[in-house]
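Have a look at the structure below, then the notes.
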Protein chains: 2
Amino acid sequence: MARALADERHAMPVKIPTPGRILVLAAGSALLATQATAQTDPLPSWNDGPAKQAIVKFVGDVTKQGASTFVPPAERIAVFDNDGTLWSEQPIYFQVAFALEQVKALAPKHPEWQTQEPFKTLLAGDVKGALGQGDKAIFGIIGATHASLTTDEFTRSVTSWITTAKHPRSGRLYSEMVFQPMLEVMTYLRANGFKTFIVSGGGIEFMRPWVEKVYGIPPEQVVGSSGITKFEMRPTGPVLLKEPKIEFVDDGPGKPVGINRFIGRRPVLAFGNSDGDQQMLQWTAAGGGPRFMAIVHHTDGEREWAYDRTSHIGKLDKAWDEAVAKGWTVVDMKKDWKRIYPYEK
Amino acid sequence: MARALADERHAMPVKIPTPGRILVLAAGSALLATQATAQTDPLPSWNDGPAKQAIVKFVGDVTKQGASTFVPPAERIAVFDNDGTLWSEQPIYFQVAFALEQVKALAPKHPEWQTQEPFKTLLAGDVKGALGQGDKAIFGIIGATHASLTTDEFTRSVTSWITTAKHPRSGRLYSEMVFQPMLEVMTYLRANGFKTFIVSGGGIEFMRPWVEKVYGIPPEQVVGSSGITKFEMRPTGPVLLKEPKIEFVDDGPGKPVGINRFIGRRPVLAFGNSDGDQQMLQWTAAGGGPRFMAIVHHTDGEREWAYDRTSHIGKLDKAWDEAVAKGWTVVDMKKDWKRIYPYEK
């Protein structure tokens, strides 16, 4: 339906000349949906502040036939960071929570972990101590739990986790801790002919099994970090085997590289929340014609979390300064969002 | 329009109750196009043999609501090799012809090439001798001419070449030497809700500037070989710089890896023409539900070229044996195609 809606805007009003004529309507249900949309607020979870107004103005500009700001549908590429932009990322990145659970599940097969860091500390129950050993420790945990499986096996383990594991604070599934206002932005953009992509530092194969259902973004519109995979012909048929070697890190300066490699067009809209998104925002900003760059600022310690310049997770410092200096949109979660999660009424 | 057509199939016939009612038709023009398609042959350049019948049957099976063979639109992923499958590849891969022209253009800036192989032989006018030095020489030529440029500069040089350079035998633009029957297959698939992708050993950035116009495939649906690129902030703004290092070779066992990395779904249809496509065909064949695997066999030495088991370019040997053994479709270019190129009437 989103795809049909994408084209609706080009349609001209058509008089149906013959009474009672039976027509095969192209996406007939989309027609009704669009008529409804035109009368209702596409961003009901947003307070009517400058951020919401900027989004609505940008979409209006880009879709206005004949205007100098008009952007052809094929070029309406919108990119979204995931962790901290589309869902929460505290107290630890959700993918790390997944990896930690995998360590426990795999431990019986890895007796060497009992004496090897960071696994030893982790298996002793000290998550904070294990993660406190730094990025190398985190990569070690992710590498050990995300490799030496086929891609199909890995997909099954992600699917099992995402449909059962609960967040320690909310007690909700991790996939429920997505931001309702951002779901509305993506739906609104797609209804206006945009193609929405995720461009995340997270693992591409960790996201793909569930983002279509949760965000409406199909697997082929997900850009992320990845490990090497190898094709292997087994007696039962071909498999792709995940190896414990990093192929690509889609973060910081890697984000424009990932956008160029996977999408091959420069986005006109980009949403991020941390310094890891700065180059993606710069790359988006540097194109011609109308542009929209935005940062989600985590300011709500009650309903979500409040953190920025000094946070170990989702540090927002240089990108914030650049946003202020260049007039990019800074979303103040506390002020701009009526509702954070879909399950809040 | 193709996107609207993709959804048309789900629409139910709708009675327009009110005479003269003005409707905003979702993709109104698609409606007429679909009605026309239903009455005309979607594959007019194909002779009515087993290959054509197999394609039409597959599309019918996959799109039949309620049938056990029905495939949801989101999973209708079709992949096509490029060289030798969508356009010709003789007497040398067209991307190599591009690279050779670049060597001549860049030679004044590279005095060292006068004494360095394969450039020395090439600049002396002996193309065959230079390419005869093997794959390493070809990679050397492509590496030297495709790197140390920004991605924008490289796109401009490809665009300039593709709109001016002529094939030595036909005297036509290279982009005119595409296969009319394959254009029809891709249009037919898209009209039936498929998403069409290129999965080619050729350079991803060599294809993207022109495939949308020529094949109707947008840049984000192109999978290909690539070199490393680096993000660099210059005083004039950010650029992506192409480095002379190979990142990924999308050929042979690399094709399923590329499909997994870029698309993240297993195709239901794959078209290739050489042993470099064998693993892509195997990977496609190994999925559940209806599958369609096909090989274009170059059998027409008069209208195109005839080559297979012993060819240095587009060698078709093991993949052919497997196709015959497993009942994949083998397209006999001479027998199955009424017309090869769009410019033939």
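Every value quoted in this text rests on a predicted model; they were computed, and no experiment measured them. A note on names: the letters A, B, ... follow the listed sequences, proteins ahead of strands, and every chain is numbered from 1.
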Flag side-chain contact, heavy atom, 4.5 Å: [X] against [Y]:
X	Y	answer
I259(A)	E220(B)	no
E232(B)	P253(A)	no
Q282(A)	F231(B)	yes
I204(B)	R261(A)	yes

Which bit of [X] is near chain B, if near means a heavy-atom gap under 4.5 Å: side chain, backbone, both or neither?
X	answer
T229(A)	both
V222(A)	neither
E247(A)	side chain

Quiz item: How close do P219(A) and G264(B) get, heavy atom to heavy atom, and via which atoms?
Solution: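 That closest heavy-atom pairing would be CB-O, 4.0 Å.
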Looking at F262(B) and R208(A), what are the two nearest heavy atoms and their distance?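 Looks like O-NH2, 3.3 Å.
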To the nearest 0.5 Å, tell me how far N260(A) CG sits from L240(B) CG.
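Here the interatomic distance stands at 5.0 Å.
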- prompt: When heavy-atom pairs shorter than 4.5 Å are enumerated against chain A, which of G224(B), P209(B), G237(B), S226(B) gives the highest number?
  reply: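 Option with the greatest count: S226(B).
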Cut-off 4.5 Å, heavy atoms of chain A, and the answer for V223(B) is neither
- Task: Using the side-chain contact (heavy atoms from CB on, under 4.5 Å) rule, take R266(B) and D152(A) through it: C-alpha gap first, then chi angles, then the decisive distance, then the call.
- Result: CA-CA 11 Å; R266(B) 194 190 296 255; D152(A) 285 349; 3.9 Å; yes
